[in-house]
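Following: one structure in structure tokens, then a few remarks.
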Amino acid sequence: MLRQQDVGHRIVVRRIVGIREGRPLFSDALGELVELSETHLTLATAQGQLRVPVAQVHRAKRVPPTRRPTAAAVVALDRAADEAWPAPTRGRLGDWLLRSADGWTGRANSALPIGDPDRPLPAAVDAVERWYAEQGQRALINTPLPLAAPVGAELDSRGWGSRPPTLVQTAPLPLPAQGTAVARNGSAVAGAGVEPVTGADVEPTSGAGAEPVPGADMELVAAPSAAWLAIAAGRKGGLPDAARHVLTAVDQVRFAHAYADGTLVAIGRGTVTGQGRWLGLSLVEVLPEARRQGLARAVIAALADWGRSAGATHAFLQVEQRNTAAVALYQRLGFTTHHTYLTRVAPH
């Protein structure tokens, strides 16, 4: 049977659709699992979303994706993601990247073992452990799968632990039903070559399947406001100086601010990296009192509009596999899982 770890992956479901002459009739469905509860499962099929009561499920299992990305595609995307989330302290082991940001987020404080480390694998892991010890940190290694499976096997033999799986998801631009955030004077927000004005009065986008949010104003700016940083700090457990570097040290970056009655209620961050191909989405957050009003989709749509105007052709994001609500939202916006990664943790 399926588990929460299967959300975001391709599955096949055999369900009971009727009874004939005392025998059950079955129908098979193939698609991406977007939600799993005690009573229902929902999958995205080629014909649209299908919601199946668990009581009707005869058999269900995860199946391989129709086509795995090439190793080169995984490397290129992970390099673009690294550019979009740049750690201030960096080192190299051949092609491997070593990254530290005062412990703020796993992505900015883990080694990325893609390419040739210029030494045997056991010696490379030894070097990673020494480098992080010099930083005063516990060693982490971010292993994209299946590309870094040999690294994972070496870490298993050393007793390294593992954090919950993360899905690296992608979608072509424009996103489905994407609109454009429009200023009250009718000009597009953050268009090509146009710097948005801090404090501009901007209508919310209705793109990416979102309905316009009554009373909400959307603004994209090149630097985060103090209120934006406060919301991000609440989500990430503080913002050390290294975090501010991670957030802002990207050539092409925008910070989305969504206001309701003058109060910041939703945020998001977009970057364009990977030689201009990839829009990276991160830190999409809506305050609890403003949720279920389409604000997350409006923030994503505004950033997607900006990314496309800046030349990006695809978007990517990283989301924990267990965050089923977010996975379901991103699936509705056209995102599918490109690959997964595990953040491996050195033993004490």
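Please read all numbers here as calculations on a predicted model, not as lab measurements. Below, each value reflects all heavy atoms present in this structure, side chains not excepted, and no hydrogens, waters or symmetry copies.
- Between the S110 side chain and the L140 main chain, no donor and acceptor come within less than 3.5 Å of each other.
- The aromatic rings of F26 and H58 are tilted relative to each other, their planes meeting at an angle between 30° and 60°.
- Here the CG atom belonging to N142 is positioned 10.5 Å from the CG atom belonging to L97, to the nearest 0.5 angstrom.
- For D116, the CG atom counts as densely surrounded, since its 6.0 Å shell holds more than 12 non-hydrogen atoms of other residues, nucleotides or ligands.
- In plain terms, the two heavy atoms of V128 and A111 that are nearest each other are CG1-CB, 4.1 Å.
- Counting all heavy atoms, side chain and backbone alike, L41 lies closest to V54 at N-CG2, 4.5 Å.
- Here the CZ atom belonging to R14 is positioned 12.5 Å from the CG atom belonging to L30, to the nearest 0.5 angstrom.
- Remark: D82 CG to T273 OG1 distance equals 9.0 Å, nearest 0.5 Å.
- A continuous path of hydrophobic side-chain contacts links V74 to I114 [ILVMFWY only; heavy atoms under 4.5 Å].
- The distance from atom CZ of R277 to atom NE2 of H314, rounded to the nearest 0.5 Å, is 5.0 Å.
- Here the CZ atom belonging to R92 is positioned 9.0 Å from the CG atom belonging to L98, to the nearest 0.5 angstrom.
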### Message
side chain to side chain contact (heavy atoms under 4.5 Å, CB included) for Q318 and Y341? Distances and angles first, verdict last.
### Response
CA-CA 9 Å; Q318 298 172 339; Y341 72 76; 3.7 Å; yes

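- Between P122 and E154, some side-chain heavy-atom pair lies under the 4.5 Å cut-off.
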### Message
side chain to side chain contact (heavy atoms under 4.5 Å, CB included), that's the test. Do F335 and L317 meet it? Break it down for me.
### Response
CA-CA 9 Å; F335 285 87; L317 53 84; 3.6 Å; yes

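- Shown here are the side-chain contact (heavy atoms from CB on, under 4.5 Å) partners of T70, two or more places apart in sequence or in another chain: A72, A73.
- Following chains of ILVMFWY side-chain contacts shorter than 4.5 Å, one cannot reach V319 starting from V168, and the two form parts of different hydrophobic clusters.
- The closest donor-acceptor contact from the side chain of R269 to the backbone of L247 lies under 3.5 Å.
- Here the side chains of Q56 and V17 are not in contact, with every heavy-atom distance at 4.5 Å or above.
- Atoms CG and CD, on L281 and Q169 in that order, are 11.0 Å from each other to the nearest 0.5 Å.
- Outside the 6.0 Å centre-distance limit, the rings of W131 and W96 are not counted as a close aromatic pair.
- Between R235 and E285 there is a salt bridge, since at least one side-chain N of the basic residue sits less than 4.0 Å from a carboxylate O of the acidic one.
- With N109 contributing its side chain and W104 its backbone, the two residues share a donor-acceptor pair below 3.5 Å.
- A distance-only check finds a donor-acceptor pair linking the side chain of Y132 to the backbone of R99 [under 3.5 Å].
- For the pair V299 and I267, the minimum side-chain heavy-atom distance is 4.5 Å or more.
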### Task
Could you walk me through whether V75 and L147 pass the side chain to side chain contact (heavy atoms under 4.5 Å, CB included) test, one step at a time?
CA-CA 9 Å; V75 169; L147 181 66; 3.8 Å; yes

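- Hydrophobic clustering of Ile, Leu, Val, Met, Phe, Trp and Tyr side chains at less than 4.5 Å, counting indirect connections, keeps V57 apart from I16.
- In plain terms, the two heavy atoms of E83 and V250 that are nearest each other are O-CG2, 3.6 Å.
- In terms of hydrophobic clustering, with Ile, Leu, Val, Met, Phe, Trp and Tyr side chains grouped at heavy-atom distances under 4.5 Å, I231 and Y259 are assigned to a common cluster.
- Of all non-hydrogen atoms in A232 and L283, the two that sit nearest each other are CB-CD1, 4.4 Å.
- For D95, the side chain to side chain donor-acceptor pair (under 3.5 Å) criterion is met by no residue, not counting sequence neighbours.
- The aromatic ring centres of F316 and H338 sit 6.0 Å or more apart.
- For the pair R107 and W85, the cation-pi test (distance below 6.0 Å, angle within 45°) is passed.
- Panel note: side chain R119, backbone P117; a donor-acceptor pair is recorded below 3.5 Å.
- Side-chain atoms of I300 and V284, non-hydrogen and from C-beta on, do get closer than 4.5 Å to each other.
- None of T170, L173, T271, V272 except one satisfies the side chain to side chain contact (heavy atoms under 4.5 Å, CB included) rule with W278; the exception is T170.
- Under the salt bridge (charged side-chain N to carboxylate O under 4.0 Å, His left out) criterion, R62 pairs with D6, sequence neighbours left out.
- Nearest heavy-atom pair, L43 versus G31, reported as atom, atom and distance to 0.1 Å: CD1-N, 3.6 Å.
- Aromatic ring pairs are classed by plane angle as parallel below 30°, tilted from 30° to 60° and perpendicular above 60°; the pair H257 and W228 is tilted.
- Inter-residue side-chain proximity for L167 and V327 is flagged as met; some heavy-atom pair is nearer than 4.5 Å.
- Salt-bridge formation is detected for the pair R322/E320: a Lys NZ or Arg NE/NH1/NH2 atom is positioned less than 4.0 Å from an Asp or Glu carboxylate oxygen.
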### Task
Could you check Q252 against W306 for side chain to side chain contact (heavy atoms under 4.5 Å, CB included), going step by step and ending with a plain yes or no?
CA-CA 10 Å; Q252 296 195 81; W306 166 75; 4.2 Å; yes

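- Judged by distance alone, the side chain of R254 and the main-chain N or O of G307 form no donor-acceptor pair under 3.5 Å.
- Salt bridge status for R130 with E134: absent, with no side-chain N to carboxylate O gap under 4.0 Å.
- Using a 4.5 Å cut-off on side-chain heavy atoms (C-beta onward), P224 and T248 make contact.
- Ion pairing between a basic and an acidic side chain is recognised when a charged N comes within 4.0 Å of a carboxylate O; R59 and D28 show no such pairing.
- When atom types are taken as modelled, the side chain of T337 and the backbone of H339 share no donor-acceptor pair closer than 3.5 angstrom.
- Residues V246 and T105 are not in side-chain contact: their nearest non-hydrogen atoms beyond the backbone lie 4.5 Å or more apart.
- The two atoms that bring P144 and L112 nearest to each other are CD-CD1, 4.4 Å, heavy atoms only.
- At least one side-chain heavy atom of L229 sits under 4.5 Å from a side-chain heavy atom of R244.
- By the rule that hydrophobic residues join a cluster once side-chain heavy atoms approach within less than 4.5 Å of another member, L121 and L155 end up as members of one cluster.
- Looking at T336 and Q331, their side chains never bring a donor and an acceptor atom within 3.5 Å of each other.
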### Query
Can you check side-chain hydrogen bond (donor to acceptor under 3.5 Å, both in side chains) on R344 and T143, steps first, answer last?
CA-CA 7 Å; R344 303 300 303 269; T143 55; 5.3 Å; no

